[in-house]
Student: 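Below is one structure. I have some questions about it.
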Amino acid sequence: MKNLQKNIKYKFKNIKILKQCLTHRSYNKNHNEKLEFLGDSILNFIITKIIYKKFSYKKEGYMTRIRSNLVNKKNLFKKAKKLKLNKYLLLGLCEIKMKGQYKKSILANTLEAILGGIYLDSKNINIVENTIKYIFLYKKNFKTKNTKDSKTILQEYLQKYKIPLPKYYIYNKLGKDHEKTFIVHCKINNKITKGKAKNKKIAEQIAAKKALIKLGI
C-alpha cells in the first residue's frame, strides 16, 4: 500500500482505515460503504466550495455543471483508474471472477471511500481538500466546453427571450435501411435550418447549431 499512499499524496497513520477503504462488501463485513458515503459528501462539499470561490460571479446553473463534470461517476472512475486502485482492492471470490476490480462503480466508490478514510485518519478537512485538489483539479482550467449541447442552448435562449420553441422534424431520408442518412429541419417561427447525419439526434444537433449561428450565439 506504500505505492498507493504515494499516488494519493497521503500517508495513513492508521493503515486499518486504508484497508477498510479498499474492502468491498463481497470480501467481508468490515467494508467501505460507510466510508464511501462520507467521502461522497466531503467531495461534493469541497468541490462546491472551490467552484463557488472561483466563480461566485456566475449563475448557479453554470457552477452546477462544472461540479457535475468533476464529481460524476465517470470522472471518479477515470481518476481511480489513473491511481491504479484496481491493484489494491479486496474483493470476494465471486466478484473477482466477475472482474470486479475493473468495474466502474466499484472503482469510483472506492475512491470516494479513500477520501472519507483520509478525513477519519487525519481529522483535518484541509488535508482532504489538498488531496482532492491534487486528484481532481491538478492543472484543471475549469473549461465548461461541451457541458451543454446545441439543442439545450437554443431552447434556453428562446425561453429567455420568450420566442416560440423550435420544432424538429425529419424532412427526408436517404439511402438503404441499414445505412440511412437523415435530413432534419429545425423550424423557429418561419425560419428553417437543416441538419444532415447518419443519426437522427445528431442531425437535430447540427440543425440546432446552425440556428444558433444564425441567431449570433
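Note that the structure is a prediction, hence the values are computed from the model and not measured. Index from 1, following the sequence.
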Student: For K59, I'd like to know if atom NZ has over 12 heavy atoms of other residues, nucleotides or ligands within 6.0 Å.
Tutor: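 Open: at most 12 neighbouring heavy atoms sit under 6.0 Å from NZ of K59.
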Student: Donor-acceptor pair, distance only, cut-off 3.5 Å: does the side chain of N189 make one with the backbone of K191?
Tutor: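 No, because the side chain of N189 does not come within donor-acceptor range (under 3.5 Å) of the backbone of K191.
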Student: Applying salt bridge (Lys or Arg N to Asp or Glu O under 4.0 Å), name anything that partners K73, two or more places apart in sequence or on another chain.
Tutor: E112
Student: So how far is it from D149 CG to Q205 CD, rounded to the nearest 0.5 Å?
Tutor: 4.0 Å
Student: Looking at N44 and D40, would you say the former's side chain and the latter's main chain have a donor-acceptor pair under 3.5 Å?
Tutor: yes
Student: Is it the case that over 12 heavy atoms from other parts of the model lie below 6.0 angstrom from the OH atom of Y52?
Tutor: no
Student: Do E95 and K103 make a side-chain contact, defined as non-hydrogen atoms from C-beta onward lying under 4.5 Å apart?
Tutor: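 A side-chain contact exists here, since the closest heavy-atom pair is under 4.5 Å.
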Student: Looking only at non-hydrogen atoms, find the nearest pair between S150 and K209 and report the distance.
Tutor: OG-CB, 3.6 Å
Student: If hydrophobic clusters are built by linking Ile, Leu, Val, Met, Phe, Trp and Tyr wherever their side-chain heavy atoms come under 4.5 Å apart, do L137 and Y134 end up in the same one?
Tutor: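 L137 and Y134: one cluster.
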Student: Checking Y102 now: which residues fulfil ring-ring contact (aromatic ring centres under 6.0 Å, His included) with it, not counting sequence neighbours?
Tutor: none
Student: Can you name the closest pair of heavy atoms from Y88 and N3 and give their distance?
Tutor: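 That closest heavy-atom pairing would be OH-CB, 3.5 Å.
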Student: So K81 and N86, side chain to side chain contact (heavy atoms under 4.5 Å, CB included) or not? Walk me through it.
Tutor: CA-CA 7 Å; K81 198 175 174 183; N86 59 293; 5.7 Å; no
Student: Atom CG of L89 and atom NZ of K84: how far apart are they, to the nearest 0.5 Å?
Tutor: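 It is 14.5 Å, given to the nearest 0.5 Å.
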Student: Please test E33 against R25 for side chain to side chain contact (heavy atoms under 4.5 Å, CB included), starting from the C-alpha separation and ending with a verdict.
Tutor: CA-CA 8 Å; E33 286 187 359; R25 68 176 179 179; 2.9 Å; yes
Student: Quick check on K34: does its NZ atom have over 12 non-hydrogen neighbours (other residues, nucleotides or ligands) under 6.0 Å away?
Tutor: no
Student: List the residues meeting ring-ring contact (aromatic ring centres under 6.0 Å, His included) with F12, not counting sequence neighbours, and say none if there are none.
Tutor: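 Expected list: Y10.
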Student: May I ask you to list the residues sharing a hydrophobic cluster with I213, side-chain cutoff 4.5 Å, ordered by chain and number?
Tutor: none
Student: Is any side-chain heavy atom of L85 closer than 4.5 Å to a side-chain heavy atom of L4?
Tutor: yes
Student: State which residues pass side chain to side chain donor-acceptor pair (under 3.5 Å) with K198; sequence neighbours excluded, sorted by chain then number.
Tutor: T181
Student: With sequence neighbours left out, write down each residue that passes side chain to side chain donor-acceptor pair (under 3.5 Å) with S105, or none if nothing qualifies.
Tutor: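 Side chain to side chain donor-acceptor pair (under 3.5 Å) list for S105, sorted by chain: empty.
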Student: Atom CD1 of I42 and atom CG of L35: how far apart are they, to the nearest 0.5 Å?
Tutor: 9.5 Å
Student: Please report the C-alpha distance between N32 and L22 in whole Å, then the side-chain angles of each, then the deciding distance to 0.1 Å, and finally whether the side chain to side chain contact (heavy atoms under 4.5 Å, CB included) criterion is met.
Tutor: CA-CA 7 Å; N32 62 10; L22 300 168; over 6 Å; no
Student: Does atom OH of Y168 have more than 12 heavy-atom neighbours from other groups under 6.0 Å away?
Tutor: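 Atom OH in Y168 is crowded, with more than 12 foreign heavy atoms closer than 6.0 Å.
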Student: Show your reasoning for whether side-chain hydrogen bond (donor to acceptor under 3.5 Å, both in side chains) applies to T64 and E60.
Tutor: CA-CA 6 Å; T64 300; E60 180 265 345; 2.9 Å; yes
Student: Let me confirm one number: the NZ-CD1 distance from K210 to I192, rounded to the nearest 0.5 Å.
Tutor: 13.0 Å
Student: If you group Ile, Leu, Val, Met, Phe, Trp and Tyr by side-chain heavy-atom gaps below 4.5 Å, do V71 and F37 land in one group?
Tutor: no
Student: Test of understanding: clusters of I, L, V, M, F, W, Y form through side-chain heavy atoms closer than 4.5 Å, transitively. Do L174 and I170 belong to the same one?
Tutor: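 No; tracing contacts between hydrophobic side chains, which count when under 4.5 Å, never links both residues.
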Student: Are the side chains of Y27 and L91 in touch, meaning some heavy atoms are under 4.5 Å apart?
Tutor: no
Student: Rounded to the nearest 0.5 Å, how far does OG of S26 lie from CD1 of I96?
Tutor: 7.5 Å
Student: Any heavy-atom pair between the side chains of L158 and I188 that's under 4.5 Å?
Tutor: yes
Student: Compare all side-chain heavy atoms of L107 with those of T110 and state whether any distance is below 4.5 angstrom.
Tutor: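 L107 vs T110: side chains apart.
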Student: For the residue pair L115 and F136, establish whether any side-chain heavy-atom pair is separated by less than 4.5 Å.
Tutor: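 Result yes, sub-4.5 Å side-chain heavy-atom pair found.
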Student: Between K19 and L90, is there a side-chain heavy-atom distance shorter than 4.5 Å?
Tutor: yes
Student: Among the clusters formed by ILVMFWY side chains lying less than 4.5 Å apart, do I118 and I125 turn up in the same one?
Tutor: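 Per the 4.5 Å side-chain linkage, I118 and I125 are co-clustered.
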Student: List for me each residue that meets salt bridge (Lys or Arg N to Asp or Glu O under 4.0 Å) alongside K49, sequence neighbours excluded, and say none if there are none.
Tutor: E129
Student: Starting at CD1 of I50, measure out to CD1 of I66 and round the result to the nearest 0.5 Å.
Tutor: 12.0 Å
Student: Please list, chain by chain and in numerical order, all residues satisfying ring-ring contact (aromatic ring centres under 6.0 Å, His included) with H24, sequence neighbours excluded.
Tutor: none
Student: Where do K79 and L111 land on the side chain to side chain contact (heavy atoms under 4.5 Å, CB included) test, with the steps shown first?
Tutor: CA-CA 8 Å; K79 300 300 181 184; L111 180 52; 3.7 Å; yes
Student: Answer whether the closest heavy-atom distance between the side chains of D121 and K16 falls below 4.5 Å.
Tutor: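 No, every pair of side-chain atoms sits at 4.5 Å or beyond.
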Student: Report the hydrophobic cluster partners of I202, with the cluster defined as I, L, V, M, F, W, Y residues connected by side-chain heavy atoms closer than 4.5 angstrom, directly or transitively.
Tutor: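 Grouped by the 4.5 Å side-chain rule, I206 form the rest of the cluster around I202.
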Student: If every non-hydrogen atom of M63 is compared with every non-hydrogen atom of K58, which pair is closest and at what distance?
Tutor: CE-O, 3.8 Å
Student: Rest of the hydrophobic cluster containing M98 (Ile/Leu/Val/Met/Phe/Trp/Tyr, side-chain heavy atoms under 4.5 Å)?
Tutor: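 The other cluster members (ILVMFWY side chains, heavy atoms under 4.5 Å, direct or chained): none.
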Student: Looking at residues at least two apart in the chain, or sitting in another chain, which of them share a salt bridge (Lys or Arg N to Asp or Glu O under 4.0 Å) with K151?
Tutor: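 K151 satisfies salt bridge (Lys or Arg N to Asp or Glu O under 4.0 Å) with E204 once adjacent residues are dropped.
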Student: Kindly give the heavy-atom pair with the smallest separation between C186 and A207, and that separation in Å.
Tutor: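 What the structure gives for the nearest pair is CB-CB, 3.7 Å.
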Student: Is it true that, when you exclude Y119 itself, more than 12 heavy atoms of the residues, nucleotides or ligands shown sit nearer than 6.0 Å to its OH?
Tutor: no
Student: Considering residues at least two apart in sequence or located in another chain, which fulfil the ring-ring contact (aromatic ring centres under 6.0 Å, His included) criterion with Y57?
Tutor: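 In terms of ring-ring contact (aromatic ring centres under 6.0 Å, His included), with neighbours along the sequence ignored, Y57 is linked to no residue.
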Student: Applying a strict under-4.5 Å side-chain criterion to I, L, V, M, F, W and Y, I'd like to know whether L154 and L165 cluster together.
Tutor: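 Yes, L154 and L165 fall within the same hydrophobic cluster.
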